[in-house]
Amino acid sequence: MTAPATIDLREYIRNIPDFPKPGIQFKDITPLLASPEAFRSAIEQLAAHFRGRGVEVIAAAEARGFIFGAPLAMQMGAGFVPIRKPGKLPYATIAQEYQLEYGSDRLEVHSDALGRGRRVLLLDDVLATGGTMKACIDLVHSAGAELVACAFVIELSFLEGRARLTPPEVFSLITY
Ligand SMILES: O=P(O)(O)OC[C@H]1O[C@H](OP(=O)(O)OP(=O)(O)O)[C@H](O)[C@@H]1O
Ligand SMILES: Nc1ncnc2[nH]cnc12
C-alpha cells in the first residue's frame with residue numbers, strides 16, 4: 001500500500017525545548033513513528049529518492065538511525081549495517097571519535113561490514129552539527145567502501161551540519 005502523497009511529515013515532529021540540556025530544541029520523532037502512515041511515507045520517500053542508484057548497503061548509527069535504516073534497507077532490497085556505540089559489536093571493529101550538539105562519543109562498525117567498493121547510503125534521523133554523520137563518513141572511507149549519499153529525515157539547517165559533510169549528496173526530507 002502506498003501512503004498518501006499529501007502527508008506533511010512536519011505535523012508528526014514534536015519540538016521539545018531545553019531537552020536534554022538548556023538551549024537545545026529537541027526534535028522528537030516519536031509521533032511520526034507512532035503513525036503508520038507517516039512512518040511509511042518517510043521510508044517510501046527516502047526509497048523513491050535513492051531507487052536506481054545502485055545502493056547495496058544502508059548503514060546507520062545507533063540508536064535512532066536504526067529505526068529508519070532497517071526498514072529502508074528492506075524497502076530498497078539492500079543490506080543493513082549497524083554503526084554502534086563503543087563495546088557493542090562482537091567482532092573486530094574500526095572506530096571513530098566525534099562531537100555531538102550535546103557531548104562527545106565514539107562510533108564503531110565491524111571491520112568487514114561495509115566492504116571495499118560497496119555502494120553505501122548513510123542514513124540518520126537528524127542532521128544537527130553533523131558530527132555523527134562525519135564520523136560515519138570517515139568509517140565508510142576507512143573501510144574502502146563507496147559513499148553514495150547521506151540521507152536524513154530531519155535537517156536542522158541553522159546548525160550548518162551540512163557544511164561539515166562532503167559526500168556526493170546530502171538529502172533531507174524535512175528542513176528547519
Ligand atoms: O549532527 P549531530 O550533532 O551529530 O547530531 C545528530 C545525532 O544526534 C542524535 O543521536 P544521539 O547521539 O543523541 O543518539 P541516539 O540516536 O542514541 O538518541 C541523532 O540521532 C543523530 O545521530
Ligand atoms: N536538536 C536535536 N533534536 C533531535 N535530535 C538531535 N540530535 C542532535 N541534536 C538534536
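Numbering of residues begins at 1 and proceeds along the displayed sequence.
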message: I'd like to know if Arg84 and Glu62 make a salt bridge, using a cut-off of under 4.0 Å between side-chain N and carboxylate O.
response: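 Yes.
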- request: Give the cluster check for Leu173 versus Val126: same hydrophobic cluster or not, with ILVMFWY residues linked at side-chain heavy-atom distances below 4.5 Å.
  value: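 Same cluster.
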Leu89-Phe80 co-clustered via ILVMFWY side chain contacts under 4.5 Å: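 Different clusters.
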- request: Using the side chain to side chain contact (heavy atoms under 4.5 Å, CB included) rule, take Phe171 and Leu46 through it: C-alpha gap first, then chi angles, then the decisive distance, then the call.
  value: CA-CA 9 Å; Phe171 176 73; Leu46 289 165; 4.0 Å; yes
Atom [atom1] in [X], atom [atom2] in [Y]: separation rounded to 0.5 Å?
X      : Y      : atom1 : atom2 : result
Gln99  : Thr129 : CD    : OG1   : 8.5 Å
Lys85  : Arg106 : NZ    : CZ    : 14.0 Å
Ile174 : Tyr12  : CD1   : OH    : 11.0 Å
Gln45  : Leu72  : CD    : CG    : 12.0 Å

task: Answer with yes or no after comparing the ring centroid distance for Phe68 and Phe39 against a 6.0 Å cut-off, counting only values under it.
output: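 Yes: the rings meet the under 6.0 Å criterion.
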Determine whether [X] and [Y] make a side-chain contact, defined as any pair of heavy atoms from C-beta on separated by less than 4.5 Å.
X      : Y      : value
Leu114 : Val57  : yes
Ile58  : Met76  : yes
Pro82  : Val109 : no
Pro71  : Met74  : no
Leu122 : Val140 : yes
Tyr176 : Ile154 : yes
Leu165 : Leu127 : yes
Leu156 : Phe158 : yes

- request: Please assess Lys27 against Asn15 for the test side chain to side chain contact (heavy atoms under 4.5 Å, CB included), listing each intermediate value before the final yes or no.
  value: CA-CA 5 Å; Lys27 301 301 179 196; Asn15 191 70; 2.7 Å; yes
query: Which residues satisfy the side-chain contact (heavy atoms from CB on, under 4.5 Å) test with Ser172, sequence neighbours excluded?
result: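 So Ser172 forms a side-chain contact (heavy atoms from CB on, under 4.5 Å) with Phe152, Glu155, Arg162, Thr175.
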- prompt: Distance-only, no hydrogens or angles: does the His110 side chain make a donor-acceptor pair with backbone N or O of Thr93 under 3.5 Å?
  reply: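 It does not hold such a pair.
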message: Between Leu32 and Leu9, is the side chain to side chain contact (heavy atoms under 4.5 Å, CB included) condition met? List the steps.
response: CA-CA 7 Å; Leu32 186 154; Leu9 294 181; 4.2 Å; yes
Nearest heavy-atom neighbours spanning [X] and [Y]:
X      : Y      : answer
Ala145 : Arg118 : CB-O, 3.5 Å
Asp18  : Gly23  : OD1-N, 2.7 Å
Cys136 : Ala61  : SG-CB, 4.0 Å
Leu121 : Ala151 : CD1-CB, 4.2 Å
Ile94  : Leu139 : O-CD2, 3.6 Å
Ala128 : Leu159 : O-CB, 3.4 Å

query: Going by the salt bridge (charged side-chain N to carboxylate O under 4.0 Å, His left out) test, which pairs reach into residues 124-136, not counting sequence neighbours?
result: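 Listed by first then second residue: Arg64-Asp125, Lys134-Asp138.
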- request: Using the side chain to side chain contact (heavy atoms under 4.5 Å, CB included) rule, take Thr132 and Leu107 through it: C-alpha gap first, then chi angles, then the decisive distance, then the call.
  value: CA-CA 8 Å; Thr132 304; Leu107 286 173; 4.0 Å; yes
query: Between Ser41 and Glu37, is any side-chain donor less than 3.5 angstrom from a side-chain acceptor?
result: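 No, no side-chain donor-acceptor contact under 3.5 Å.
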message: Under a 3.5 Å threshold, yes or no: a donor from one side chain and an acceptor from the other, between Glu169 and His49?
response: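 Side chains of Glu169 and His49: pair found under 3.5 Å.
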message: Between Glu146 and Arg119, does the salt bridge (charged side-chain N to carboxylate O under 4.0 Å, His left out) criterion hold? Intermediate values first, please.
response: CA-CA 5 Å; Glu146 186 182 341; Arg119 288 177 60 77; 2.8 Å; yes
